[in-house]
2 protein chains.
Amino acid sequence: MKEKINNLTIKMLAKELGLSVSTISKAIRDSHEISDGTKERVNALVQKLNYIPNPYASSLGSRNSKTIGVVLPEVTDSFFAQAINGIECVAQENGYHVLIYLSHENFEKEKKILKDFESGRVDGVLISVAKETIQHCHIDALMDKAVPIVFFDRVMDEVTTAKIITNDYESARLATEHLIKKGCNRILFLSFSHTLSIICKRLAGYKKALLDNQLKYADNNILTFGNDAKKDYLLLQKKLKSASKGVGILASVEKLALPIYQACEDLQLSIPEDIQVISFSNSDSAAFLHPPLTTITQPAFEIGKTAASLLVKALERRNFELRNEEIIVPSTLVVRKSTIG
Amino acid sequence: MKEKINNLTIKMLAKELGLSVSTISKAIRDSHEISDGTKERVNALVQKLNYIPNPYASSLGSRNSKTIGVVLPEVTDSFFAQAINGIECVAQENGYHVLIYLSHENFEKEKKILKDFESGRVDGVLISVAKETIQHCHIDALMDKAVPIVFFDRVMDEVTTAKIITNDYESARLATEHLIKKGCNRILFLSFSHTLSIICKRLAGYKKALLDNQLKYADNNILTFGNDAKKDYLLLQKKLKSASKGVGILASVEKLALPIYQACEDLQLSIPEDIQVISFSNSDSAAFLHPPLTTITQPAFEIGKTAASLLVKALERRNFELRNEEIIVPSTLVVRKSTIG
DNA sequence: TTTATTTACGAAACCGGTTTCGTAGAAAAC
DNA sequence: GTTTTCTACGAAACCGGTTTCGTAAATAAA
């Protein structure tokens with residue numbers, strides 16, 4: 001590792017211009033205390049010498065870092081990828097930096113990440129919690145330190161702050177109803193958590209649709225995937241094998257969709273003739289699957305953007321407090337061939 | 001915005017224990033200068049009071065931030081998503097933080113991002129350059145400041161540093177040859193850049209395969225997508241419409257695959273009977289497209305991991321200098337139904 | 001026993017900015 | 001003409017750690 005170059009400091013600029021350090025600092029940040037003439041002189045030198053302030057010194061002095069922390073369960077999911085896109089967009093526009101952390105659905109990791117945030121590393125946090133997360137003490141601890149937090153997608157109702165979500169309940173209800181209308185008399189719900197906000201709401205929507213349409217809810221229609229992909233797959237296969245015609249499946253997240261296709265292929269079941277499928281999914285390829293997958297498409301980019309915007313607002317506005325509110329950006333049901341036209 | 005809580009500082013710990021500030025600092029970082037007994041006392045208090053050091057103060061004093069900057073052209077691409085995963089994995093293991101930036105394929109943005117890095121915000125950089133990037137002065141400038149940089153996937157040969165890539169040339173050659181063997185006598189190459197390292201190499205591999213198999217290279221077999229998706233699509237459609245049987249397509253990146261499927265659908269051309277298709281892609285859904293897409297699957301996670309590991313090594317080891325080397329992690333050709341079995 | 005090391009710690013400078021507060025001179029108000 | 005208010009700037013404390021260097025006491029070597 002090469003030695004770091006002796007970097008340009010504000011002190012050197014000050015000496016060069018015969019001004020004080022504080023004047024330079026203020027001039028650079030366009031303070032009203034400094035005359036236009038001086039600002040111009042300073043900026044000229046800054047340009048000429050390619051001076052770039054040390055962000056850590058700034059952060060230390062000003063106790064804010066222009067950095068937001070983003071905590072995700074995973075990134076290889078179209079939803080989260082698009083959400084990052086939205087977040088980064090807003091961040092870039094507003095001069096914020098984005099620190100990204102993956103909890104890998106693991107509560108302990110999530111705790112560790114938030115713990116670190118208590119150091120003041122980030123000005124604010126955007127989080128979509130891990131599926132394992134049921135307590136919120138780690139979040140409370142962070143909020144106690146006055147770090148603004150905005151939830152997106154996977155929220156915790158018990159925490160008093162802003163949450164950007166989609167209409168999980170309603171879209172699951174709609175999707176389920178769609179399946180029913182297309183002739184399904186038994187509908188499987190693919191889940192991967194018993195506690196996650198989005199799953200609970202989607203499940204509730206599913207139940208509501210059943211109820212509205214005189215279908216009985218049955219526990220054995222709920223398939224909850226765990227951490228053992230192979231085992232889960234076999235479970236699904238078994239379930240599908242025993243399924244008669246008129247079965248529909250609602251997959252509550254994107255990654256559960258492909259196993260269904262796999263199982264149908266393996267069992268030589270045809271979609272949608274034998275089984276109709278709808279999945280929550282933001283994948284572009286949904287339209288080109290065999291057959292094209294009917295999806296509930298979430299406004300992922302929008303959600304990321306909204307969450308980031310709100311956080312930024314909370315950070316910039318002196319008298320803006322994050323309210324305990326839910327902002328709902330609706331999803332859309334995109335009907336394709338995996339359900340009967 | 002609530003006021004920040006008066007945070008615990010090392011000074012307060014020092015007073016509490018009747019030790020000096022420097023002793024506390026050293027004890028926390030497990031310095032050999034401090035006795036085990038003292039360390040224990042310090043750590044006990046740290047635990048008890050939940051003391052977390054201010055990272056910006058540490059960074060300022062120690063001139064390193066335990067942060068790496070990751071610059072990507074985009075994130076909604078399986079390759080980059082998986083690469084991030086690999087990067088984050090290594091980062092988490094080694095106590096590094098990951099700042100993420102998207103260039104959105106835009107050179108000016110990329111320049112701006114790297115410029116900011118000159119501030120010392122990050123200890124090292126992982127970058128996959130934008131498609132617009134043909135100069136490397138912004139990268140040179142950063143390297144002049146002794147910031148270690150590791151390229152991954154989209155590299156710049158002219159820059160003297162480590163590069164983690166896949167065997168672009170070879171896998172494109174292989175894929176093209178595969179198409180030829182399956183009966184294609186004309187092969188289109190879908191591109192989206194004339195300058196990007198990966199594209200150039202893939203194109204070269206494509207050419208080599210043509211040459212080896214007595215097929216003529218023709219400029220009008222190269223389709224270069226630009227920024228106007230609609231226009232590009234029409235171009236592709238036009239090209240396919242005029243295509244006779246025995247045409248194959250090699251898509252040089254993931255996002256170019258779906259438009260092909262779209263066009264074939266619109267033109268009622270059947271894959272693989274009328275047109276055979278291979279694409280570079282890391283998408284899980286490739287296997288479930290209609291028909292399943294033959295892909296060149298890149299070791300994205302591995303590439304991210306390798307790049308990050310190397311960077312970390314360069315940062316941790318005092319006498320480890322990043323060499324001007326290419327580390328090649330090979331891709332695999334996964335044959336599916338979009339080419340004739 | 002004397003000298004040379006080692007061990008364990010503290011004082012103080014330092015990292016590179018920001019912020020507070022004080023003030024000279026100019027402008028405005030009376 | 002005097003007092004008041006701005007304006008534009010500087011000195012110095014501060015942010016919260018790290019690092020260097022000096023040293024007393026303990027231990028080892030001679």
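Computed from heavy atoms alone, side chains included, the values below leave out hydrogens, waters and symmetry copies.
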Please collect all salt bridge (Lys or Arg N to Asp or Glu O under 4.0 Å) contacts where either partner lies in residues 23-33 of chain B, sequence neighbours excluded, each pair once. B/K26-B/E33, B/D30-B/K39
What pairs with A/R41 under side chain to side chain contact (heavy atoms under 4.5 Å, CB included), at least two apart in sequence or on another chain? A/L17, A/L19
Taking salt bridge (charged side-chain N to carboxylate O under 4.0 Å, His left out) as the test, write out the residues that go with B/E74, two or more places apart. none
Rounding to a whole Å, what distance do you find between A/N7:CG and C/dC15:C1'? 12 Å
Are B/K66 and B/E316 within salt-bridge range, i.e. N to O under 4.0 Å? yes
Residue pairs fulfilling ring pair (Phe, Tyr, Trp, His ring centres under 6.0 Å) with at least one residue in residues 19-59 of chain B, sequence neighbours excluded: A/Y56-B/Y56
In whole angstrom, what separates B/L8's CG from D/dG16's C1'? 12 Å
Please examine the side chains of B/P53 and A/S119, heavy atoms only from C-beta on, and report whether any two atoms are closer than 4.5 Å. no
Do any side-chain atoms of residues 157-165 of chain A form donor-acceptor pairs under 3.5 angstrom with protein atoms, and if so which ones, sequence neighbours left out?
{"unit_1": "A/T161", "atom_1": "OG1", "unit_2": "A/I149", "atom_2": "O", "d": "2.5"}
{"unit_1": "A/K163", "atom_1": "NZ", "unit_2": "A/D157", "atom_2": "O", "d": "3.3"}
{"unit_1": "A/K163", "atom_1": "NZ", "unit_2": "A/V159", "atom_2": "O", "d": "2.7"}
{"unit_1": "A/K163", "atom_1": "NZ", "unit_2": "A/N324", "atom_2": "OD1", "d": "3.0"}

Under a 4.0 Å heavy-atom cut-off, which of residues 114-121 of chain B touch DNA chain C? none
What is the distance from CG of A/L60 to P of D/dC14, rounded to the nearest Å? 14 Å
Taking OP1 and OP2 of D/dG16, is either one under 4.0 Å from a side-chain nitrogen or oxygen of A/R63? yes
Among residues at least two apart in sequence or on other chains, which ones pass side chain to side chain contact (heavy atoms under 4.5 Å, CB included) with A/P299? A/T166, A/E302, A/I303, A/V329, A/S331
Residue-level proximity of residues 48-58 of chain A to DNA chain C when a heavy atom falls under 4.0 Å: A/Y51, A/P53, A/N54, A/A57, A/S58
Report the distance from atom CD1 of A/I10 to atom P of C/dC15, rounded to the nearest whole Å. 14 Å
Describe, as an angle rounded to 10 degrees, how the axis at the first end of the helix from C/dT1-D/dA30 to C/dC30-D/dG1 is tilted relative to the axis at the last end, five pairs per end. 30°
Is any side-chain N or O of B/R29 closer than 4.0 Å to OP1 or OP2 of D/dT19? yes
Nearest-Å distance, CD1 (B/I28) to P (D/dG16)? 14 Å
Could you encode protein contacts along nucleotides 6-12 of chain C as a string, one character per nucleotide from 5' to 3', using B for base contact, S for sugar-phosphate-only contact and - for no contact, with a heavy-atom cut-off of under 4.0 Å? --BBBBB
A/F79: ring-ring contact (aromatic ring centres under 6.0 Å, His included) partners, not counting sequence neighbours: none
Result block: side-chain N/O donor-acceptor pairs under 3.5 angstrom for residues 107-114 of chain B, not counting sequence neighbours:
{"unit_1": "B/E110", "atom_1": "OE1", "unit_2": "B/A130", "atom_2": "N", "d": "2.7"}
{"unit_1": "B/E110", "atom_1": "OE1", "unit_2": "B/T133", "atom_2": "OG1", "d": "3.2"}
{"unit_1": "B/E110", "atom_1": "OE2", "unit_2": "B/T133", "atom_2": "OG1", "d": "3.0"}
{"unit_1": "B/E110", "atom_1": "OE2", "unit_2": "B/H138", "atom_2": "NE2", "d": "2.7"}

A/N64 CG to D/dC15 C1': how many Å, rounded? 12 Å
Rounded distance (Å) that lies between atom C1' of D/dG16 and atom CG of B/L13: 11 Å
